[in-house]
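A short write-up of the structure that comes next.
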Amino acid sequence: MEDWMSDGPITMEQILSDWARGAFLAAYPGTVPDGLSAGVVPTADEQFGDYQCNAAMALAKVLKKSPREIAAALAAAARPAAVERLEVAGPGFVNFFLDPEWMARRLEQVQADERLGVPEPGRGRTVVIDYSSPNVAKPMHIGHIRSTVIGNALDRLHRFLGWRVLADNHLGDWGTQFGLLIMGFRHFADPAAYESAPIDELERIYVKSYDKSKEDPAWLDAARAELVKLQQGDAGNRALWQSFVEHSLREFNRIYRRLDVSFDLVRGESHYNDRLPGIISKLREQELVRESEGALVVFLEDEKLPVCIVRKSDGAYNYAATDLATVTSRAEEFQPEAVIYVTDERQQLHFRQVFAIARKMGLATRLVHVWFGLMRLPEGTFSTRQGNVIKLERLLDEAEERALAIVKETSPQMDEARQREVARAVGIGAVKYADLSQNPQSLVTFTWEKALALEGNSAPYLQYACARIASVLDKYRERFPGGDPMAHPIRLGEPLERRLAVRLLRFPDAVVRAAEVYKPNLLADYLYELSQVYSAFYQNVPFLKAGEGVRESRVRLCDLVMKVLRRGLTLLGIETPDRI
RNA sequence: GUACCUGUAGCUCAAUUGGACAGAGCAUCUGACUACGGAUCAGAAGGUUGGGGGUUCGAUUCCCUCCAGGUACGCCA
């Protein structure tokens with residue numbers, strides 16, 4: 001077999017696609033377009049083999065030959081070692097059937113590899129991932145979980161794929177709300193409440209101050225004045241603001257700890273405050289900005305985008321200016337290959353505008369907006385005003401409680417501390433998985449039932465599979481004290497073993513692809529499918545009762561499944577306890 | 001008004017970016033050896049992919065149009 005580890009591992013799809021490309025070029029020299037995508041992909045149905053190549057049909061027009069003839073030429077080429085046989089089917093599909101012997105040897109190599117065959121295409125390049133980014137003085141609610149959990153999964157995926165990741169929590173810590181907050185704090189604050197539950201108190205104050213501003217113009221003017229003082233560096237206001245930020249962060253960090261999320265940088269909008277005038281002068285120098293109705297705006301008709309205000313008519317900077325300052329600062333300081341923003345769908349236009357302006361300013365960094373659908377409640381959008389927000393902390397509490405009830409029922413022999421620990425991992429895992437297992441861009445309607453699902457396609461199903469394997473491995477050691485599975489080769493005899501092997505070998509592609517298209521759900525799907533095949537294997541193929549040799553081979557497969565599930569779930573930020 | 005997004009089984013969601021008969025999980029119905037852990041497994045049933053046109057060998061995917069819902073759009077972030 002090929003020496004796939006010598007230059008870093010390559011994935012199954014890469015091996016087969018490279019081969020197919022080479023075979024096409026050899027069969028039709030000079031006529032195959034350079035950009036040919038000879039993509040070999042997993043088949044949807046086992047009867048068509050393990051992988052398929054569909055390029056023959058696409059090539060038919062270019063080569064002016066029938067697709068079946070082209071497919072036949074591919075099928076007749078010298079096969080790669082991984083492939084047992086090739087078949088032409090339908091209008092011109094080429095089906096690949098992998099060789100069980102080859103798979104067995106490859107799995108043995110994967111088992112010995114800490115990275116389980118996953119390559120490192122990042123090659124040390126830098127990427128900034130901007131996610132979570134809650135607003136200071138407001139509680140995190142269920143709407144924040146998507147950015148946090150999806151962003152964190154992308155963070156972990158990129159790190160594992162060899163990127164130097166800078167996870168940046170771009171706090172909303174600057175803006176007009178602070179005038180109202182300062183006024184409110186001076187008049188309505190309850191010091192004891194502020195100490196014990198700072199964000200709840202700040203929220204209460206804000207709402208009260210906001211309501212008052214609606215009916216009292218003098219109050220609103222005073223709030224504006226406080227904001228100006230804050231922005232001019234007034235010591236008292238500055239100290240208050242600082243206190244708001246610190247108290248908020250304390251609460252955010254409590255949630256991040258529960259979610260096992262951490263950042264390399266926590267830089268709020270205020271961090272870039274000093275750079276705002278510089279951005280405006282640069283835009284002026286490059287003649288990108290124009291005055292309109294007192295405001296400074298950038299026209300983006302050439303990009304088919306509406307006009308973008310970068311400085312308001314009262315001289316204050318807005319969100320676009322802050323984000324331009326932020327992105328140029330990141331580019332200068334870290335020279336990233338890419339900056340990834342993880343926010344909800346409402347900011348699509350904003351980022352398209354900011355990216356367009358950044359490009360006009362000469363910024364070459366790849367900028368990506370990974371947006372996700374807004375979280376809604378069955379009765380509609382939630383809002384602070386309607387009072388129907390569900391706080392993130394409450395969701396996590398509820399998840400752990402429900403999980404605890406089930407653990408107590410199913411594992412009564414476990415001591416209580418252990419039960420709580422398992423319930424924590426299972427509950428938090430379920431909440432994360434509920435978000436990570438669906439396409440980020442779909443609309444999400446929040447229901448308790450879905451967020452806390454503990455069976456079927458859910459984190460606990462995967463955790464259960466892991467726990468069961470851990471238990472099997474223990475039993476093996478108990479019953480066969482001198483046994484060493486690694487001393488025996490892997491054999492793929494049963495159809496279910498073969499199916500399992502094919503799934504196991506797809507892991508690297510699942511990881512690479514999930515990161516490439518910014519969709520953790522592709523990895524979640526993969527892990528779920530692997531678990532399903534494993535569960536079928538577990539239920540239908542005896543292994544501890546099998547004869548020596550076969551037994552060890554099957555134990556090795558179990559071990560591999562556990563390693564892949566653990567690694568995959570870790571990449572999604574989900575824990576895998578030994579027992580659940 | 002303009003732009004973007006969404007619409008798939010009763011419900012909640014997938015579908016490797018144009019591939020083969022559209023797949024899972026809930027829920028419903030049938031089954032599973034005193035067994036390595038039943039949070040499981042084997043199976044059944046469930047569909048005009050919002051409607052209608054078009055491109056293509058081939059469309060949930062691309063184009064046009066209509067319907068329904070959502071979001072954003074010169075001084076909130």
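So that the names make sense, note that chain A is the first sequence line, chain B the second, and so on, each numbered from 1.
- Between A:Leu349 and A:Val41, it is A:Val41 whose nearest contact on RNA chain B lies nearer the 5' terminus.
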Only distances under 3.5 Å count here; give the side-chain donor-acceptor pairs of residues 50-62 of chain A to other protein atoms, sequence neighbours excluded, each with its distance to 0.1 Å.
| unit_1 | atom_1 | unit_2 | atom_2 | d |
| --- | --- | --- | --- | --- |
| A:Asp50 | OD1 | A:Arg498 | NH1 | 3.1 |
| A:Asp50 | OD2 | A:Leu98 | N | 2.8 |
| A:Asp50 | OD2 | A:Arg498 | NH1 | 3.4 |
| A:Asp50 | OD2 | A:Arg498 | NH2 | 2.9 |

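- For A:Leu16 and B:U16, the CG to C1' distance is 14 Å, given to the nearest whole Å.
- Look at CG on A:Leu436: it is 20 Å from P on B:G25, rounded to the nearest Å.
- Residue-level contact check: A:Ala465 touches neither bases nor backbone, having no heavy atom under 4.0 Å from any strand.
- Legend: salt bridge (charged side-chain N to carboxylate O under 4.0 Å, His left out) pairs involving residues 526-549 of chain A, not counting sequence neighbours, sorted by first then second residue: A:Arg503-A:Glu529.
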Open item on the list: Counting primed atoms plus P, OP1 and OP2 as sugar-phosphate and everything else as base, spell out the protein contacts along nucleotides 36-48 of chain B at 4.0 Å heavy-atom distance: B, S or - for each nucleotide, 5' to 3'.
Closed with: BBSBBSS------
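- Taking atom P in both B:C73 and B:U16, the straight-line distance is 32 Å, to the nearest Å.
- A distance of about 28 Å separates the P atoms of B:U12 and B:A59, rounded to the whole Å.
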Between side-chain atoms of residues 460-467 of chain A and protein atoms elsewhere (two or more places apart, or another chain), which donor-acceptor pairs fall under 3.5 Å?
| unit_1 | atom_1 | unit_2 | atom_2 | d |
| --- | --- | --- | --- | --- |
| A:Tyr461 | OH | A:Ser535 | OG | 3.2 |
| A:Gln463 | NE2 | A:Ala425 | O | 3.3 |
| A:Gln463 | NE2 | A:Glu575 | O | 2.8 |

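- A donor-acceptor contact closer than 3.5 angstrom is absent between the side chains of A:Asn439 and A:Gln441.
- Atom CG of A:Leu565 is separated from atom CD1 of A:Ile574 by 11.5 Å, given to the nearest 0.5 angstrom.
- To the nearest angstrom, P of B:G18 lies 16 Å from CG of A:Leu59.
- Taking atom NE2 on A:His369 and atom C1' on B:U71, their separation rounds to 12 Å, with Å as the unit.
- Salt-bridge check for A:Glu203 with A:Lys138: failed, with every basic side-chain N at 4.0 Å or more from each acidic carboxylate O.
- Judged purely by distance below 3.5 Å, without hydrogens or angles, the side chains of A:Gln348 and A:Trp371 pair a donor atom with an acceptor atom.
- Applying the ring-ring contact (aromatic ring centres under 6.0 Å, His included) rule to pairs touching residues 423-452 of chain A yields A:Phe446-A:Trp448, sequence neighbours excluded.
- At whole-Å resolution of the value, CG in A:Asp45 and P in B:A20 are 10 Å apart.
- Counting only residues at least two apart or on different chains, no ring-ring contact (aromatic ring centres under 6.0 Å, His included) pair has a member in residues 289-316 of chain A.
- Defined by atom type and a distance below 3.5 Å, a donor-acceptor pair is missing between the side-chain atoms of A:Ser132 and A:His144.
- Qualifying ring pair (Phe, Tyr, Trp, His ring centres under 6.0 Å) partners for A:His350, counting only residues two or more places apart in sequence or in other chains: A:Tyr319.
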Could you run down the sub-3.5 Å N/O contacts of the protein with nucleotides 13-15 of chain B?
| unit_1 | atom_1 | unit_2 | atom_2 | d |
| --- | --- | --- | --- | --- |
| B:C13 | OP1 | A:Lys450 | NZ | 3.0 |
| B:A14 | OP1 | A:Asn439 | N | 2.5 |
| B:A14 | OP1 | A:Asn439 | O | 3.3 |
| B:A14 | OP1 | A:Ser442 | OG | 2.9 |
| B:A14 | O2' | A:Asp525 | OD2 | 2.7 |

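- Sorted by first then second residue, the side chain to side chain donor-acceptor pair (under 3.5 Å) pairs that include residues 298-317 of chain A, not counting sequence neighbours, are A:Asp302-A:Lys360.
- For A:Tyr528 and B:U12, the OH to C1' distance is 13 Å, given to the nearest whole Å.
- Between A:Lys138 and B:C76 there is no side-chain N or O to OP1 or OP2 distance below 4.0 Å.
- In this entry the base of B:U48 is anti relative to its sugar, with a glycosidic angle more than 90° from 0.
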Report each atom pair, protein N/O against N/O of nucleotides 1-4 of chain B, whose distance is under 3.5 angstrom.
| unit_1 | atom_1 | unit_2 | atom_2 | d |
| --- | --- | --- | --- | --- |
| B:C4 | O2' | A:Gln348 | OE1 | 3.1 |

- [ ] Could you go through the salt bridge (Lys or Arg N to Asp or Glu O under 4.0 Å) check for A:Arg579 and A:Asp474 one step at a time?
- [x] CA-CA 11 Å; A:Arg579 299 281 180 273; A:Asp474 286 350; 2.4 Å; yes
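- Distance noted for atom P between B:G47 and B:G23: 13 Å (whole Å).
- Contacts of A:Ser313 with the nucleic acid, taken as non-hydrogen atoms under 4.0 Å apart, include base atoms.
- No donor-acceptor contact under 3.5 angstrom links the side chains of A:Ser437 and A:Asn521, judged on distance only.
- Contact annotation for A:Arg346: backbone-only contact, meaning every heavy-atom pair under 4.0 Å involves sugar-phosphate atoms and none involves a base.
- Base engagement by A:Gln47 is indicated by at least one non-hydrogen atom pair under 4.0 Å involving a base atom.
- Nucleotide B:C11 holds its P atom 19 Å from the CG atom of A:Asn457, rounded to whole Å.
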Side chains of residues 551-561 of chain A: which donor-acceptor pairs under 3.5 Å do they make with residues two or more places apart or in other chains?
| unit_1 | atom_1 | unit_2 | atom_2 | d |
| --- | --- | --- | --- | --- |
| A:Arg551 | NH1 | A:Ala546 | O | 3.3 |
| A:Glu552 | OE1 | A:Gly549 | N | 2.8 |
| A:Glu552 | OE2 | A:Tyr476 | OH | 2.6 |
| A:Ser553 | OG | A:Arg491 | N | 2.8 |
| A:Ser553 | OG | A:Arg491 | O | 3.2 |
| A:Arg554 | NE | A:Glu497 | OE2 | 3.1 |
| A:Arg554 | NH1 | A:Pro542 | O | 2.8 |
| A:Arg556 | NE | A:Gln111 | OE1 | 2.8 |
| A:Arg556 | NH1 | A:His488 | O | 2.7 |
| A:Arg556 | NH2 | A:Gln111 | OE1 | 3.0 |
| A:Asp559 | OD2 | A:Gln111 | NE2 | 2.8 |
| A:Asp559 | OD2 | A:Lys563 | NZ | 2.8 |

Task: Watson-Crick and G-U pairing of RNA chain B written in dot-bracket, each distance under 3.5 angstrom, with | for inter-strand partners - done: (((((((..((((.....[...)))).(((((.......))))).....(((((..]....))))))))))))....
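- Residue side chain A:Gln52 reaches the base of B:A20 through a donor-acceptor N/O pair under 3.5 Å, judged by distance alone.
- Here A:Asn54 lies in heavy-atom contact (under 4.0 Å) with a base.
- Residue ring and nucleobase are stacked for A:Phe48 and B:A20, with a centre distance beneath 5.5 angstrom and an angle between planes beneath 30°.
- What separates CE of A:Met57 from C1' of B:A59 is a distance of 14 Å, to the nearest Å.
- Comparing the same atom, C1', in B:G58 and in B:G50 gives a spacing of 23 Å after rounding to whole Å.
- Across the interface with RNA chain B, nearest-nucleotide mapping of A:Gln347 and A:Ser292 shows A:Ser292 to be the residue nearer the 5′ end.
- Note on A:Asn95: a base of the nucleic acid sits closer than 4.0 angstrom, heavy atoms only.
- Between the C1' atoms of B:A45 and B:C26, the separation comes to 15 Å (whole Å).
- Interatomic distance, CZ of A:Arg267 versus CG of A:Asn169, reported as 12.5 Å (0.5 Å rounding).
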